[in-house]
Amino acid sequence: MYRDMTCGEPRRTDTGKIITLAGWVHRRRDHGGLTFIDLRDFSGLMQVVFNVDSAPDAHALAGDLRSEWVVQVKGTVQERRAGAENADLPTGAVELLVSELTVLNQSKTPPFEIEDDLHVADEVRLRYRFIDLRRPRMYKNLKLRHDVIQVSRTYMAANGFLEIETPILLKSTPEGARDYVVPSRVHPGSFYALPQSPQQLKQILMVSGVDRYFQFAHCFRDEDLRADRQPEHTQIDFEMSFVEQDDVLQVLEELYTTILRETRPDLEVPTPFPRLTYAEAIERFGSDKPDLRFGMEVSRLTDIASGSGFGVFESVVASGGVVRAIVAPGCADYTRRQTDGLVEFVRSSGAQGLIPIHISESAGKSGSLDEVTLDDIRSPIRNHVSLETLKEMARTAGAGPGDLMLIIAGPERVVNVAISNLRSEMGRRLELADPGVFRFVFVVDFPLFEWDDDRDGWAATHHVFSSPRPQDVELLDSDPGAVIGQLYDLVCNGVELGSGSIRIIDRAVQEKVFGLIGHSPEEVAERFGQLLRAFEYGAPPHGGMGLGLDRIVMLLAGEDNIREVIAFPKTQAAVDPLFDAPAPITQEQLDELSIRVVDSGG
RNA sequence: GGCCCCGUGGUGUAGCGGUCCAACAUGCCGCCCUGUCAAGGCGGAGAUCGGCAGUUCGAAUCUGCUCGGGGUCGCCA
């Protein structure tokens, strides 16, 4: 062993011990005859002292040390002089008086410093990820991720779930996301596809009688990246036999409360997790993943707007659009500059624009709208809409004197995206969401199908094996859009953590679903043949869930980007700057795979 | 594919038509220093301003294209 202790371990009780430590030179403070080194490893910092009087050789050598050199030091743990303790360090009561110094490895000057409060471009951090990860904050995130995995595994195993690995090299199921594909050498012209999730595999395992399966599954999707999306991510994936929706939700609630209790006991987690139907979530928050830590619910002004006299509103309503609003409490004094910023914000969310209505605080000392006059209102639509209509809008939205109404008009989907993003943004700006609370919510009763304009047909909201509610099976024939599925999402603080469903095991229902989505029997056989074949041999009722591990760790770590909790993530262009992946392969490799690369002409 | 923001010594920023062969902080190098812990003092090196093409008497600064990074809409069953 190169060491007797880690750098973060020595305490006052170790005083007098002769020990050897090893680590990285974090910082050097050279006072001439006396030199201090902060020695760092994963566990913390230890101050080591080189004194020219007590160890002249070591002291001389210490003068050569530079940041990030790897060294081994032997010496005596001693209490620091009175007044020289460092209360900021766990090891701050002691220091190591060095007798011997060994340089284990030298280091180039690092491209950036090892400190938590860092502002370095992501690309530089990723190119030098090995240095980036030396930052205590990054180590802490890696450790937290480890802890979440351990806690989850322990919980799942204790509850009868069997951890089973499934193939990474599998088959393309050309639906949903784009596949990452891998060419087969043995079968020229054929390709494996990396799984977007182990969906069919875990269902087959249920048919196999496994009863309960789980896995930390790597999932691959060749789609554009976001702050919360990487081309490969990890899911806590599970499936259970002989269960109904409530059984699955109960496991979820227990799993997440356990994770929270074990990893962040300081956080408040209201239980039981409330349930919100999809319809209610959209109506109240414009989103199926609302942050329930604050109110600011979205109201609907469509009816009032239709006869308001304001052309934009009227034409939007006439063309089937909606008008929705939120109220920013106490923001009536927002400047033009501030509201322009909000307009810009909603445009970046896809909306055409944003109509603010300021209701002066000085209006109506009673705090009601009754005494509000036109003079109290500031808005671009002030001169187009009657005072009564403006008041009616305010009343419906729940705005009063001192408040700022923010109104968005347009097609329902566009408005919902923009208004819910705006709600989140205002929540952030006004600091309405308590960061110490994790407010989980189950969003349930999703429609089974949604209309796909591109394909001009129905598409599965979740996936094709998700079951309708028993009472909605008849609607498959008469009104597919009204069919509610046994679909559920777990949402926390505005982040979608995962979704799942009870699966279809009834052959007739399954065929209707395929028919509605427009899959031909040939397509069905090609994509889902293996699962359907399995289902012919006795499939138990079952259901499950896929949960984003990266996202929950991100939330627990207090980060706002999953790259911070993934050891080696990719940039927005799906590049790994450390390995420079992806990269061309050699002609020999291409030949072996029977692949010819066509110059794209770029 | 669309939109927005960013790109200046190693790192992070300032400069936004001439006063900039570019400023500040930090890091780096050298010397001094026995109680520091973001050590301190003194001295020094280091960027032709992402790339290309334009506009202009003159471009880090304006325009176009392009490359890279970030955010987002679409997309992500």
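All values derive from a computational prediction rather than experimental measurement. The chains referred to below are lettered A, B, ... by the order of the sequence lines, with proteins before strands, and numbering in each begins at 1.
- Taking atom CD of A/Glu68 as the reference point, atom P of B/G10 lies 19 Å away to the nearest angstrom.
- Contact annotation: A/Asn51 side-chain N/O to B/G35 OP1/OP2 distance is not under 4.0 Å.
- OP1 or OP2 of B/C28 lies within a sub-4.0 Å distance of a side-chain N or O belonging to A/Ser67.
- Annotation: B/G12 and B/A45 have their P atoms spaced 24 Å apart (nearest Å).
- Between A/Arg347 and B/U72, a side-chain N or O to OP1/OP2 separation shorter than 4.0 Å is absent.
- Each of B/G12, B/G70, B/G27 was ranked by its minimum atom distance to the side chain of A/Thr109; first place goes to B/G27.
- Within 3.5 Å, no donor on the side chain of A/Glu115 pairs with an acceptor on the base of B/G27, nor the reverse.
- Distance from the side chain of A/Ala84 is smallest for B/G35 among the nucleotides B/G12, B/G10, B/G35.
- Comparing B/C75, B/G69, B/A39 against the side chain of A/Glu223 picks out B/C75 as the nearest.
- Side-chain atoms of A/Arg127 stay outside donor-acceptor range of the base of B/G69, with no qualifying N/O pair under 3.5 Å.
- Straight-line distance from the NZ atom of A/Lys108 to the P atom of B/U11: 13 Å, rounded to whole Å.
- Comparing B/U36 with B/G30, their P atoms sit 24 Å apart, to the nearest whole Å.
- Looking at the side chain of A/Arg563, the nearest of the listed nucleotides B/G71, B/U36, B/A38 is B/G71.
- Environment of CD in A/Gln352: sparse, with no more than 12 heavy atoms of neighbouring residues, nucleotides or ligands closer than 6.0 Å.
- Here A/Phe112 does not count as stacked on B/U11, because the ring centres are not under 5.5 angstrom apart with planes under 30°.
- Under the 4.5 Å side-chain criterion, counting only non-hydrogen atoms from C-beta, A/Pro577 is not in contact with A/Arg125.
- The only member of A/Met545, A/Lys289, A/Glu496 that meets side-chain contact (heavy atoms from CB on, under 4.5 Å) when paired with A/Leu490 is A/Met545.
- Remark: the A/Arg221 side chain and the B/C76 base include no donor-acceptor N/O pair separated by less than 3.5 Å.
- Nearest to the side-chain atoms of A/Arg27 among the listed nucleotides B/A39, B/G69, B/C37 stands B/A39.
- Taking atom CG of residue A/Leu97 and atom P of nucleotide B/U36, one finds them 17 Å apart after rounding to whole Å.
- A close approach under 4.0 Å does occur between a side-chain nitrogen or oxygen of A/Arg29 and OP1 or OP2 of B/A39.
- Mapping A/Arg81 and A/Leu118 onto RNA chain B by nearest heavy atom places A/Leu118 at the nucleotide closer to the 5' end.
- Contacts of A/Thr461 with the nucleic acid, taken as non-hydrogen atoms under 4.0 Å apart, involve only primed sugar atoms and P, OP1 or OP2.
- A straight line from CG of A/Leu225 to C1' of B/G1 spans 16 Å, rounded to a whole angstrom.
- Taking 4.0 angstrom as the limit, A/Gln572 places a side-chain polar atom (N or O) nearer than this to OP1 or OP2 of B/G71.
- Although no hydrogens or angles enter the test, the distance criterion places no donor-acceptor pair under 3.5 Å between the side chain of A/Gln106 and the main chain of A/Arg66.
- The CD1 atom of A/Ile114 sits 13 Å away from the C1' atom of B/G10 (whole-angstrom rounding).
- Put simply, the side chain of A/Asp224 and the base of B/G74 share a donor and an acceptor less than 3.5 Å apart.
- Nucleotides B/G7 and B/C75 place their C1' atoms 27 Å apart, quoted to the nearest Å.
- Atoms OG1 and CG, on A/Thr461 and A/Asp489 in that order, are 10.5 Å from each other to the nearest 0.5 Å.
- Here A/Gln47 lies in heavy-atom contact (under 4.0 Å) with a base.
- Both thresholds, 5.5 Å between centres and 30° between ring planes, are met by A/His31 relative to the base of B/A39, so the two rings are stacked.
- Nucleotides B/C49 and B/A60 place their C1' atoms 4 Å apart, quoted to the nearest Å.
- Among the atoms of the strands shown, only primed sugar atoms or phosphate atoms (P, OP1, OP2) are found under 4.0 Å from some heavy atom of A/Ala573.
- No engagement by A/Glu425 is indicated, since no non-hydrogen atom pair under 4.0 Å with the nucleic acid exists.
- One interatomic measurement links the two molecules: CG of A/Asp30 to P of B/G35, which rounds to 12 Å at whole-angstrom precision.
- Using atom C1' as the reference point in both B/U8 and B/G69, the two lie 16 Å apart (nearest Å).
- Residue-to-nucleotide proximity on RNA chain B shows that, of A/Asn421 and A/Glu85, the 5′-proximal contact is made by A/Glu85.
- Across the P atoms, B/U26 and B/C65 are found 40 Å apart, a figure rounded to whole Å.
- Side-chain N/O atoms of A/Arg178 include none lying less than 4.0 angstrom from OP1 or OP2 on B/C76.
- With a 3.5 Å ceiling on both atom-pair distances, the Watson-Crick or G-U wobble partner of B/G7 is B/C67.
- B/G17 sits 8 Å from B/G58 when the C1' atoms are compared, rounded to a whole Å.
- For A/Arg66 against B/C29, no side-chain N or O and base N or O form a donor-acceptor pair under 3.5 Å.
- Distance noted for atom C1' between B/U61 and B/C6: 16 Å (whole Å).
- Between A/Trp458 and A/Trp451, the ring centre distance stays below 6.0 Å.
- Taking the centre of each ring, A/Phe528 and A/Phe465 come in below the 6.0 Å mark.
- Heavy atoms of A/Val49 sit nowhere under 4.0 angstrom from any nucleic acid atom.
- Distance from the side chain of A/Thr571 is smallest to B/G69 among B/C4, B/G69, B/C75.
- Salt bridge annotation for A/Arg503-A/Glu239: present, with a cationic side-chain nitrogen under 4.0 angstrom from a carboxylate oxygen.
- Comment: A/Arg563 does not engage A/Asp550 in a salt bridge, judged by the lack of any side-chain N to carboxylate O separation of less than 4.0 angstrom.
- Below the 3.5 angstrom threshold, one finds no donor paired with an acceptor across the side chain of A/Glu113 and the base of B/U26.
- Taking only distance into account, the side chain of A/Asn86 meets the base of B/C37 through a donor-acceptor pair shorter than 3.5 Å.
- Using a cut-off of 4.0 Å between Lys/Arg side-chain N and Asp/Glu carboxylate O, A/Glu115 and A/Arg137 are scored as not salt-bridged.
- When Watson-Crick and G-U wobble pairs are counted only if both distances are under 3.5 Å, B/C24 pairs with B/G12.
- Of the candidate nucleotides B/U11, B/G69, B/G35, B/U11 has the atom lying nearest to any side-chain atom of A/Val120.
- Below the 3.5 angstrom threshold, one finds no donor paired with an acceptor across the side chain of A/Asp88 and the base of B/C37.
- In this structure, CZ of A/Arg226 is placed 15 Å from P of B/G69, rounded to the nearest angstrom.
- As a whole-Å value, the separation of A/Asp132 CG from B/G10 P is 19 Å.
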